[in-house]
J.: 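Have a look at the structure that comes next, please.
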Protein chains: 2
Amino acid sequence: MDSAEQQQHPLRSRRITAAMVAARAGVSTATVSLVANGKTAGRVSGENIRRVREAISELGYVVDSVGSSLAKGVSSIVILVAPDISNPFFAKVIAGVRESLGTDYQLLLSVTEAGEFPHADDVRKLMALRPAGLLVDAPNAGFLDDLAVGGPLVLLDAPGMESYAPSVNLDVAHGARELAAHLATAGHRKVAYVDSVTGTATFALRREAFLAEAENRGITADPSHIISTTIDVGAAAAAFAAAWPQWQREGVTAVVCGTDTHAYGVLQEARVAGLRIPDQLAIAGFDDLPYSATSNPSLTSVHLPATPLGLKAGEQLRRLMEGHELKQPQLTLESSLVVRNSTSPA
Amino acid sequence: MDSAEQQQHPLRSRRITAAMVAARAGVSTATVSLVANGKTAGRVSGENIRRVREAISELGYVVDSVGSSLAKGVSSIVILVAPDISNPFFAKVIAGVRESLGTDYQLLLSVTEAGEFPHADDVRKLMALRPAGLLVDAPNAGFLDDLAVGGPLVLLDAPGMESYAPSVNLDVAHGARELAAHLATAGHRKVAYVDSVTGTATFALRREAFLAEAENRGITADPSHIISTTIDVGAAAAAFAAAWPQWQREGVTAVVCGTDTHAYGVLQEARVAGLRIPDQLAIAGFDDLPYSATSNPSLTSVHLPATPLGLKAGEQLRRLMEGHELKQPQLTLESSLVVRNSTSPA
DNA sequence: CTGAAAGCGCTTACAG
DNA sequence: CTGAAAGCGCTTACAG
């Protein structure tokens with residue numbers, strides 16, 4: 001039987017269309033569309049609803065996303081633009097987004113080379129997909145200017161860019177200040193800072209909040225003690241190895257890193273150099289990746305709630321895509337310092 | 001930006017269409033399509049090519065992906081189905097895929113809850129997007145049976161499933177055997193194995209190759225010494241903590257983990273229990289994540305080439321999507337053991 | 001070389 | 001409540 005065969009191999013055989021369902025149910029395609037989209041209230045008789053549903057399940061019909069998107073003017077795709085997914089932090093953000101988006105929306109990842117954001121042309125290509133909404137993680141202002149999109153848009157981890165769009169941010173400054181206080185209490189007076197090369201706001205905020213509070217507490221960070229690398233263990237390790245001899249001569253006793261990934265590289269190289277941690281050199285990072293608890297020594301880090309970040313951003317976007325107003329367009333999630341052995345003797 | 005425009009729905013309203021380009025260039029939309037798609041050879045005059053190109057750049061026209069997909073019957077979307085992206089290993093795979101796919105294709109991530117694969121219904125929803133191709137990472141056979149898709153499809157890390165589709169695999173068995181040999185040489189006779197709960201082939205292969213070679217070399221792994229958890233530091237830590245008292249009584253001296261992530265959890269808990277590593281307990285994993293070099297102690301692991309895996313899979317899929325035959329439908333990439341302090345005294 | 005026209009599959013006013 | 005019909009934006013035979 002034809003229909004039985006199609007049921008068995010729905011993806012291999014000819015595509016099932018609304019017209020086929022309509023023919024089988026003895027209704028028009030308009031009615032099929034109404035039923036398939038759950039817009040039957042006061043528009044389709046109970047009997048027809050039943051017949052269409054039966055035909056749909058018998059044939060294994062699924063609304064074609066492309067035809068539907070063209071007719072509606074918008075697809076079910078949500079684009080997540082992010083500068084770096086190699087950071088394990090980001091995997092958690094994605095997990096959160098997926099969870100809040102549910103099965104109605106498809107997540108399309110727009111990833112570019114380490115730290116780079118797509119430019120106007122790439123953005124246009126993305127918009128050609130008619131996304132239902134956009135999620136932009138850790139953007140820089142230049143990218144948001146290029147973007148200039150009017151549809152549903154939520155920013156993640158974009159401090160200082162609240163004027164562009166609804167955002168979900170992390171109060172990294174709070175954790176950064178705790179870290180400065182912690183190092184001051186431990187007696188450090190000269191610190192170095194290993195930043196990320198990407199000019200994204202969150203990294204600037206981490207650095208500035210830390211350095212400001214450090215200064216308040218009598219800690220100095222000489223300009224030559226502030227360097228940047230890509231978010232990569234090896235790159236951070238190499239940069240630290242090159243800088244350390246001078247830093248050591250100049251009395252640096254602690255290195256703060258923009259991400260834990262940087263910190264792992266510094267840790268690795270510091271151990272190669274035979275430094276006693278934290279006695280000769282204290283090391284700390286941001287993100288509190290799962291690996292920071294098991295590193296050697298375990299890494300002091302500013303904990304950032306990655307999964308909740310993705311979750312909240314997805315929820316906000318979802319409201320926007322459903323046409324609702326946001327009661328609270330700006331959300332901020334907590335951060336806090338987790339002290340471990342890389343700054344505090346066991 | 002004009003705030004009034006942003007208030008509206010520019011995603012839907014201000015769209016530049018082929019008709020607008022055609023009007024401006026004084027040609028038909030058919031000619032615009034030909035030029036925009038680079039199919040002009042012997043079909044469009046030089047003069048018209050010039051005029052259309054000019055109009056395209058003046059208006060900032062981009063071919064609408066939805067309309068184009070509907071007309072062609074296929075989109076420019078490549079779907080990557082994967083059971084787990086929280087593993088940092090996977091971020092590298094994605095990076096490799098993105099690189100080989102280039103800018104002609106958009107990468108859509110189909111992620112599900114930890115270790116779960118989408119079932120028939122979800123697959124149908126995905127196929128409704130009319131993807132240009134499918135990449136499936138670490139699938140189980142049940143999923144591939146459900147899939148039954150006819151279009152371009154490449155499997156990643158799917159040992160034993162070569163009959164379903166072209167695949168790019170990792171020779172995890174080789175590294176697993178090296179690991180067994182290494183532990184045997186170090187004098188271990190009773191080992192435990194912490195597996196992943198997902199029934200994916202690569203994990204079964206890791207386990208079986210390891211256990212077979214272990215047995216060859218006089219190492220036993222009692223059934224009660226083989227457990228499974230999700231790929232999660234905390235879950236592995238808890239499972240190990242619960243099992244260790246019995247294992248210790250029964251003489252286990254080494255724990256091999258299906259992934260480094262599991263191993264970090266075991267490492268963490270072993271240190272909490274005050275075990276001397278590797279003297280009282282040796283620990284090893286698979287994946288060789290960047291963090292394994294900096295853990296405490298550094299982790300012995302079977303190195304797997306994640307980025308090349310994504311890269312090769314993307315290249316193969318690309319050939320398929322361009323209508324070519326694959327000269328080599330089955331590719332296998334190397335793995336090898338990296339010995340560190342968790343199994344070998346510093 | 002060129003354009004008019006027929007679709008691709010769906011949704012949505014619209015008239016009944 | 002229902003269906004015929006007009007699109008959505010594009011591509012591709014097809015006739016000229």
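Residue numbering restarts at 1 for every chain, and letters A, B, ... go by the order of the sequence lines.
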J.: For a 4.5 angstrom cut-off between non-hydrogen side-chain atoms, does A/Thr17 reach A/Asp64?
T.: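 No, their side chains stay 4.5 Å or more apart.
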J.: For the pair made of CE in B/Met20 and C1' in D/dC8, what is the distance, rounded to whole Å?
T.: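 Rounded to the whole Å, the gap is 15 Å.
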J.: Can you tell me which stems DNA chain D forms, taking runs of 3 or more consecutive Watson-Crick or G-U pairs with both distances under 3.5 Å?
T.: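 DNA chain D stems, ordered by first number: C:1-3 with D:14-16, C:5-12 with D:5-12, C:14-16 with D:1-3.
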J.: For B/Val63 and B/Ala36, work out which heavy atoms get closest and say how close.
T.: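 That would be CG2-CB, 3.7 Å.
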J.: For a quick check under 3.5 Å, do B/Asp157 and B/Thr202 share a side-chain donor-acceptor pair by atom type?
T.: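 Note: B/Asp157 and B/Thr202 side chains meet the donor-acceptor criterion.
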J.: Report the distance from atom CD1 of A/Ile56 to atom P of C/dC10, rounded to the nearest whole Å.
T.: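 In whole Å, C/dC10 P lies 10 Å from A/Ile56 CD1.
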J.: Working to the nearest 0.5 angstrom, can you tell me the gap between A/Leu153 CG and A/Gln316 CD?
T.: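 Output value for this atom pair is 12.0 Å.
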J.: Can you find a side chain N or O atom of B/Lys39 that sits less than 4.0 Å from OP1 or OP2 on D/dT12?
T.: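 For D/dT12, OP1/OP2 do have a side-chain N/O of B/Lys39 under 4.0 Å.
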J.: If you measure from the Lys or Arg side-chain nitrogens to the Asp or Glu carboxylate oxygens, is any gap between B/Arg50 and B/Glu47 under 4.0 Å?
T.: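 Yes, charged N to carboxylate O under 4.0 Å.
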J.: Checking all strands, does A/Val63 fall into the base, sugar-phosphate, or nothing category for heavy-atom contacts under 4.0 angstrom?
T.: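 Since only primed, P, OP1 and OP2 atoms lie under 4.0 Å of A/Val63, the category is sugar-phosphate.
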J.: If you apply the rule side chain to side chain contact (heavy atoms under 4.5 Å, CB included), what do you find for A/Asn169 with A/Glu162, and how did you get there?
T.: CA-CA 9 Å; A/Asn169 284 327; A/Glu162 291 79 2; 2.9 Å; yes
J.: Whole angstroms only, please: what is the CG-P distance between A/Leu59 and C/dG9?
T.: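 It works out to 15 Å between those atoms.
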J.: Measuring to OP1 and OP2 of C/dT11, would you say a side-chain N or O of A/Ser68 lies under 4.0 angstrom away?
T.: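 Checking C/dT11 against A/Ser68, a side-chain N or O does come within under 4.0 Å of OP1 or OP2.
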J.: Round to a whole Å and report the spacing from CG of A/Leu129 to P of D/dC10.
T.: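 My rounded result for the distance is 13 Å.
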J.: Expressed as a whole number of angstroms, how long is the span from B/Asn37:CG to D/dC10:P?
T.: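 Atom-to-atom, B/Asn37 to D/dC10, this comes out as 10 Å.
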J.: If I compare all heavy atoms of A/Arg318 with all of A/Gly102, which pair ends up nearest, and what's the gap?
T.: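 Heavy atoms of A/Arg318 and A/Gly102 come nearest at NH1-N, 3.8 Å.
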J.: Does A/Ser100 reach the main-chain N or O of A/Leu311 with its side chain, forming a donor-acceptor pair under 3.5 Å?
T.: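 Side chain of A/Ser100 to backbone of A/Leu311, a donor-acceptor pair under 3.5 Å: yes, one is there.
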J.: Kindly give the atom pairs (protein nitrogen or oxygen, nucleotide nitrogen or oxygen) under 3.5 Å for nucleotides 1-4 of chain C.
T.:
residue: C/dC1; atom: OP2; partner: B/Gly42; partner atom: O; Å: 2.8
residue: C/dC1; atom: OP2; partner: B/Arg43; partner atom: N; Å: 3.3
residue: C/dT2; atom: OP1; partner: B/Ser45; partner atom: OG; Å: 2.9
residue: C/dT2; atom: OP1; partner: B/Asn48; partner atom: ND2; Å: 2.7
residue: C/dT2; atom: OP2; partner: B/Ser45; partner atom: N; Å: 2.7
residue: C/dT2; atom: OP2; partner: B/Ser45; partner atom: OG; Å: 3.2
residue: C/dT2; atom: OP2; partner: B/Asn48; partner atom: ND2; Å: 3.1
residue: C/dG3; atom: OP2; partner: B/Ser28; partner atom: N; Å: 3.1
residue: C/dG3; atom: OP2; partner: B/Ser28; partner atom: OG; Å: 3.3
residue: C/dG3; atom: OP2; partner: B/Thr31; partner atom: OG1; Å: 3.0

J.: Which value, rounded to the nearest 0.5 Å, describes the distance between A/Ile77 atom CD1 and A/Leu134 atom CG?
T.: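 If we round to the nearest 0.5 Å, A/Ile77:CD1 and A/Leu134:CG are 11.5 Å apart.
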J.: Grab the CG-P distance between B/Leu70 and D/dC10 for me, whole Å please.
T.: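 Whole-Å distance recorded here is 12 Å.
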